[in-house]
Amino acid sequence: MNRTAASMGSLSREWLGFQQFPTATQNKLVELFGKLKQENLNSLTIIVMGKGGVGKSSTVNSIIGERVVTVNSFQPEQLRPTMISRTRAGFTVNIVDTPGLVEGGYVNYQALDLIKRFLLNKTIDVLLYVDRLDAYRVDDLDRQIIKAISDGFGKNIWRKSLLVLTHAQLCPPEKLSYDVFSSKRSEALLKTIRLGARIRKNEYKDFDIPVVLVENSGRCNKNENDEKILPNDVAWIPNLVKVITDVATNGKNSIIVDKKLVEGSDSNDKGKMFIPLILGVQFLVVKWIQGAINNDIAKGGRSL
């Protein structure tokens with residue numbers, strides 16, 4: 001699939017923020033982009049979704065290496081999706097930052113509809129579903145968000161997704177090791193994704209959703225190569241891009257956002273296949289009633 005930025009409907013700029021990455025990270029990213037180009041992918045479109053305040057925009061800024069999206073903890077999130085496109089050595093990255101999917105404690109279906117319409121005639125190569133590692137509860141609202149995404153874009157979007165957990169520079173509670181805590185938190189969310197997307201147990205392998213930990217703040221530790229690392233010593237930016245690359249090339253179909261997907265199936269479509277049967281039954285019922293009436297009239301005439 002050879003797509004250009006122009007075909008995605010976005011204006012791409014030279015990826016100046018790429019130079020801000022440490023040399024080690026730059027080399028790893030160039031290697032990963034080369035892998036994508038070998039797969040005949042000259043561009044990649046990534047959509048970032050999740051609740052508000054989980055670090056979606058900060059993650060976009062970290063991937064691009066520039067402050068391309070405004071982040072302010074004391075102001076509401078942006079109300080509309082935004083696409084950021086950057087080109088490096090003939091390869092284009094398109095990242096779509098989106099508004100939070102929760103409003104007043106409920107799923108914000110209006111935001112989801114805006115996202116779908118913004119993506120009309122575009123293709124989703126990878127979904128980053130973002131939540132926080134330092135949140136300890138998973139509730140029914142999480143399941144409802146997953147269900148809303150699945151209903152809006154189709155269940156198969158989860159074949160092209162990864163779970164991104166932000167705020168990963170933390171000390172786990174209850175004397176748990178970092179790896180055990182992150183594993184428990186990840187599995188709780190993955191279970192919710194399976195429930196919300198109605199992924200059956202025999203489909204788990206086909207919907208293998210990888211997990212990536214992220215720390216966007218300036219307090220993130222660094223290794224000897226000046227790369228941002230997590231408490232498990234993973235340089236998370238190249239690791240995130242590697243997993244994005246793995247998902248993009250996993251052999252599953254990307255999600256094409258066409259008019260039918262945006263507008264949804266006509267509510268009458270589901271019943272159209274039954275129309276001939278219903279009409280047939282109505283015809284038989286009418287004929288039966290007419291026959292019964294005529295029969296009653298005939299009997300009445302004879303009795304007179």
Handout entry: Check against side chain to side chain contact (heavy atoms under 4.5 Å, CB included), V241 and K28
Key = CA-CA 9 Å; V241 177; K28 292 171 187 174; over 6 Å; no
Practice task
Apply side chain to side chain donor-acceptor pair (under 3.5 Å) to the pair K160 and N250, showing each step before the final yes or no.
Solution key: CA-CA 8 Å; K160 303 296 293 184; N250 66 4; 3.0 Å; yes
Practice task
I would like to know whether V211 and L162 meet side chain to side chain contact (heavy atoms under 4.5 Å, CB included); could you show each step before the answer?
Solution key: CA-CA 6 Å; V211 180; L162 59 147; over 6 Å; no
Practice task
Apply the test side chain to side chain contact (heavy atoms under 4.5 Å, CB included) to residues Q19 and Q26: give CA-CA distance (whole Å), side-chain angles for both, the deciding distance (0.1 Å), then the verdict.
Solution key: CA-CA 8 Å; Q19 303 295 335; Q26 290 184 39; 3.9 Å; yes
Practice task
Apply side chain to side chain contact (heavy atoms under 4.5 Å, CB included) to the pair R143 and I193, showing each step before the final yes or no.
Solution key: CA-CA 7 Å; R143 184 190 62 80; I193 291 174; over 6 Å; no
Exercise for the section: Give the intermediate values and the outcome of side chain to side chain donor-acceptor pair (under 3.5 Å) for residues T123 and S254. Expected result: CA-CA 7 Å; T123 298; S254 298; over 6 Å; no
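Note: the hydrophobic cluster containing I157 also contains Y204 (ILVMFWY, side chain heavy atoms under 4.5 Å, direct or indirect links). Following chains of ILVMFWY side-chain contacts shorter than 4.5 Å, one can reach V138 starting from L190, so the two form part of one hydrophobic cluster. When hydrophobic clusters are built by joining Ile, Leu, Val, Met, Phe, Trp and Tyr residues whose side-chain heavy atoms come closer than 4.5 Å, directly or via intermediates, L176 is grouped together with L170. Criterion: ILVMFWY side-chain heavy atoms under 4.5 Å apart, direct or through other members. Under it, V257 and L114 are not part of a common hydrophobic cluster. One hydrophobic cluster, built from ILVMFWY side chains closer than 4.5 Å, holds both L44 and F118.
Between I47 and T98 there is a side-chain heavy-atom pair separated by less than 4.5 Å. By the 4.5 Å heavy-atom criterion applied to side chains, S161 and F207 are not counted as neighbours. Residues P238 and E227 meet the side-chain proximity criterion, which asks for heavy atoms closer than 4.5 Å. Side-chain contact check for E14 versus R86: every heavy-atom pair is 4.5 Å or farther apart. Residues I95 and V48 are in side-chain contact: their nearest non-hydrogen atoms beyond the backbone lie under 4.5 Å apart. When side chains are defined from C-beta on, L165 does not count as touching V214, because their heavy atoms never get closer than 4.5 Å. Between I63 and L240, the closest side-chain pair of non-hydrogen atoms falls below 4.5 Å. Within the 4.5 Å cutoff, the side chain of S182 has no heavy atoms near those of the L230 side chain.
Between Y136 and F181, the ring planes lie perpendicular to each other; the angle is over 60°, past the 30° to 60° tilted range.
E203 and R194 are not joined by a salt bridge, as no carboxylate oxygen comes within less than 4.0 angstrom of a charged side-chain nitrogen. In this structure, K116 does not pair ionically with E263, as no charged nitrogen and carboxylate oxygen lie closer than 4.0 Å.
Considering only residues two or more places apart in sequence or on other chains, D246 meets the salt bridge (Lys or Arg N to Asp or Glu O under 4.0 Å) condition with K35, K242.
Between the side chain of N61 and the backbone N or O of V68 there is at least one donor-acceptor pair closer than 3.5 Å. A donor-acceptor pair is defined here as one N or O able to donate and one able to accept, closer than 3.5 Å; no such pair exists between the side chain of E103 and the backbone of N108. With hydrogens and angles disregarded, no donor-acceptor distance shorter than 3.5 Å links the side chain of T87 to the backbone of G90. In terms of modelled atom types and a separation under 3.5 Å, the side chain of T25 and the main chain of F21 share no donor-acceptor contact. Remark: side-chain polar atoms of D142 are paired, donor with acceptor, to backbone N or O of D139 under 3.5 angstrom. A donor-acceptor pair under 3.5 Å is absent between the side-chain atoms of K51 and the main chain of V130, judged by distance alone. Judged purely by atom type and a 3.5 angstrom limit, N221 has no side-chain atom pairing as donor or acceptor with the backbone of I229. Looking at Q20, its side chain never comes within 3.5 Å of a backbone N or O of G65 through a donor-acceptor pair. Looking at D125, its side chain never comes within 3.5 Å of a backbone N or O of I46 through a donor-acceptor pair. At distances below 3.5 Å, at least one donor-acceptor pair connects side-chain atoms of T192 with backbone N or O atoms of A188.
Between the side chains of N216 and T166, not a single donor N or O lies within less than 3.5 Å of an accepting N or O. When only modelled atom types and interatomic distance are considered, T82 and D97 share no side-chain donor-acceptor pair under 3.5 Å. Of the N and O atoms on the side chains of K37 and N42, not one donor lies less than 3.5 Å from an acceptor on the other residue. T249 and E39 share no side-chain donor-acceptor pair at under 3.5 Å. Inspection of the N27 and E31 side chains reveals no N or O donor paired with an N or O acceptor under 3.5 Å.
Atom-to-atom distance recorded for D258:CG and L119:CG is 12.0 Å, nearest 0.5 angstrom.
Considering all non-hydrogen atoms of both residues, L41 and A248 come closest at CD1-O, 4.3 Å. Pairing each heavy atom of A111 with each of P99, the nearest pair is CB-CG, 4.2 Å.
Between W15 and F33, the distance from one ring center to the other falls under 6.0 angstrom.
Enclosure of atom CG in N253 is not indicated, since only 12 or fewer non-hydrogen atoms of other residues, nucleotides or ligands lie within 6.0 angstrom. Within 6.0 Å of CD on E187 lie more than 12 heavy atoms contributed by other residues, nucleotides or ligands.
Taking the ring axis of F153 as reference, the NZ or CZ atom of K155 does not stay both within 45° of it and closer than 6.0 Å to the ring centre.
The salt bridge (charged side-chain N to carboxylate O under 4.0 Å, His left out) with R185 is formed by just one residue from the set D131, D134, D179; it is D131.
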